[in-house]
2 protein chains.
Amino acid sequence: MSAHQSELIAAEAAPIFAALGDTTRLSLLSRLNDGQPRSVVQLTAGTGLTRQGVRKHLGVLEAVGLVMRERVGRESRFVYQPTGIETAKQHLERASAQWDNAIERLKRRLEGD
Amino acid sequence: MSAHQSELIAAEAAPIFAALGDTTRLSLLSRLNDGQPRSVVQLTAGTGLTRQGVRKHLGVLEAVGLVMRERVGRESRFVYQPTGIETAKQHLERASAQWDNAIERLKRRLEGD
DNA sequence: GTCATAGGCAACTTGGAGGTTGCTTATGAA
DNA sequence: TTCATAAGCAACCTCCAAGTTGCCTATGAC
């Protein structure tokens, strides 16, 4: 992967990580993770928050592409969207790889050129 | 993995994601990613922020275990710590796996029991 | 021993995140 | 057609995160 592409992934990864950095949103996502669309009221149940509060969290998830909204009748259904998580995973995997690489080089140097 | 363990990973993943959800910190991390310890002044260079500002970001990264601090003489050296990224990666991988599973089940059901 | 450098710590400012209440509109059910 | 339900929207509150300035301390260099 080019350095340019790396920068791009990093730039788009930060907002995704930020969206994931909240227990409420993480929990909402894990509930939507089964692929089933759910309405706002459904998703509000069990959170201890108001409908509007949950709606804001869903807005954040939607803004970074982690979920999608579809209007059905008077309901707003939210659906899990796998691409966002995939982007985040790629970023972390690249970080892991760079780290492994650095360690490997360090080891070789220690073991005597 | 047990449901209990899942909950634990989720609970400790959120603060890590939050720490990663900032471009400055993401960039600091990627610079430390090569395993080389770096002082605060070194890490400040190129950020456009003050030393104290950068120091705060490093404090956040340290608080969630993404980096470690070691005092050497009058310097504070910060070192990359791979375990945090590993935890975050595990969480995302679990999410991906659940998703794949759900899709697979859906497909089987559609293809006619 | 003196001076420059690295860093810690505290106080302060500001914008936005997370949450609420209150009101209005659309749609489904009876 | 009337009423209950789902949701949107706006205004507001509160608190913390991000960043700054300013000052003090410790350590290395000369």
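Letters A, B, ... are given to chains in the order of the sequence lines, protein chains preceding strands, and every chain is numbered from 1.
- For Arg38(A), the salt bridge (Lys or Arg N to Asp or Glu O under 4.0 Å) partners are Asp34(A), not counting sequence neighbours.
- With hydrogens and angles ignored, the 3.5 Å screen pairs a side-chain donor or acceptor of Thr87(A) with a backbone N or O of Thr83(A).
- Within residues 59-67 of chain B, no residue places a heavy atom under 4.0 Å from DNA chain C.
- Proximity of Leu66(B) to Leu29(B): side-chain heavy atoms (C-beta onward) are separated by under 4.5 Å at one or more points.
- In terms of heavy-atom proximity, Glu86(B) sits nearest to Ser96(A) at OE1-OG, 3.4 Å.
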Run the side chain to side chain contact (heavy atoms under 4.5 Å, CB included) check on Val79(B) and Leu32(B) step by step: do they pass?
CA-CA 6 Å; Val79(B) 196; Leu32(B) 288 169; over 6 Å; no
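- Taking the 5' to 3' direction, DNA chain C first and last meets chain B under 4.0 angstrom from a heavy atom at dA4(C) to dC9(C).
- dA17(D) atom P lies 17 Å from atom CG of Leu49(B), rounded to whole Å.
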Please list each protein N or O that sits under 3.5 Å from an N or O in nucleotides 13-15 of chain D, with the distance.
none

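- Applying the side-chain hydrogen bond (donor to acceptor under 3.5 Å, both in side chains) criterion to Gln81(A), with sequence neighbours excluded, gives no partner residue.
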So if I define the base as every atom that isn't primed, P, OP1 or OP2, how would nucleotides 22-30 of chain D read as a B/S/- string at a heavy-atom cutoff under 4.0 Å?
B----BS--
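- At least one side-chain heavy atom of Leu20(A) sits under 4.5 Å from a side-chain heavy atom of Leu92(B).
- Near-neighbour residues of DNA chain C inside residues 31-43 of chain B, defined by a heavy atom below 4.0 Å, number-ordered: Ser39(B), Val40(B), Val41(B).
- Met68(A) and Leu106(B) are not part of a single hydrophobic cluster, where members link through side-chain heavy atoms under 4.5 Å apart.
- Mapping Gly21(B) and Glu75(A) onto DNA chain D by nearest heavy atom places Glu75(A) closer to the 5' end of the strand.
- To the nearest angstrom, P of dG19(D) lies 10 Å from CG of Leu28(B).
- Residue Ser76(B) is classed as a sugar-phosphate contact, given heavy-atom separations below 4.0 Å to backbone atoms only.
- With contacts defined as side-chain heavy-atom distances shorter than 4.5 Å, the pair Leu43(A)/Arg55(A) does not qualify.
- Arg77(B) comes within 4.0 angstrom of nothing in the nucleic acid, heavy atoms only.
- Residues satisfying the salt bridge (Lys or Arg N to Asp or Glu O under 4.0 Å) test with Glu104(A), not counting sequence neighbours, are Arg108(A).
- No donor-acceptor pair under 3.5 Å is formed between the side chain of Gln98(B) and the backbone N or O of Ala95(B).
- Closest-nucleotide positions on DNA chain C for Asp22(A) and Lys56(B) were compared, and the one nearer the 5' end corresponds to Lys56(B).
- At a threshold of 4.5 Å between side-chain heavy atoms, the hydrophobic network of Ile, Leu, Val, Met, Phe, Trp and Tyr places Val60(A) and Tyr80(A) in two separate groups.
- Remark: side-chain polar atoms of Ser27(A) are not paired, donor with acceptor, to backbone N or O of Thr23(A) under 3.5 angstrom.
- Scored by the side-chain hydrogen bond (donor to acceptor under 3.5 Å, both in side chains) test, Lys56(B) finds no partners at all (sequence neighbours excluded).
- Between the side chain of Arg51(B) and the backbone N or O of Val41(B) there is no donor-acceptor pair closer than 3.5 Å.
- Screening residues 60-76 of chain A for side chain to side chain donor-acceptor pair (under 3.5 Å) gives Arg69(A)-Ser76(A), Glu75(A)-Arg77(A) as the qualifying pairs, with residues at least two apart or on separate chains.
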One pair to check against side chain to side chain contact (heavy atoms under 4.5 Å, CB included): Thr50(A) and Thr44(A). What are the steps and the verdict?
CA-CA 7 Å; Thr50(A) 59; Thr44(A) 298; over 6 Å; no
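- Overall, the helix from dG1(C)-dC30(D) to dA30(C)-dT1(D) carries an axis bend of 30° between its ends, with five pairs at each end and the value rounded to 10°.
- Scored by the salt bridge (Lys or Arg N to Asp or Glu O under 4.0 Å) test, Arg31(B) finds no partners at all (sequence neighbours excluded).
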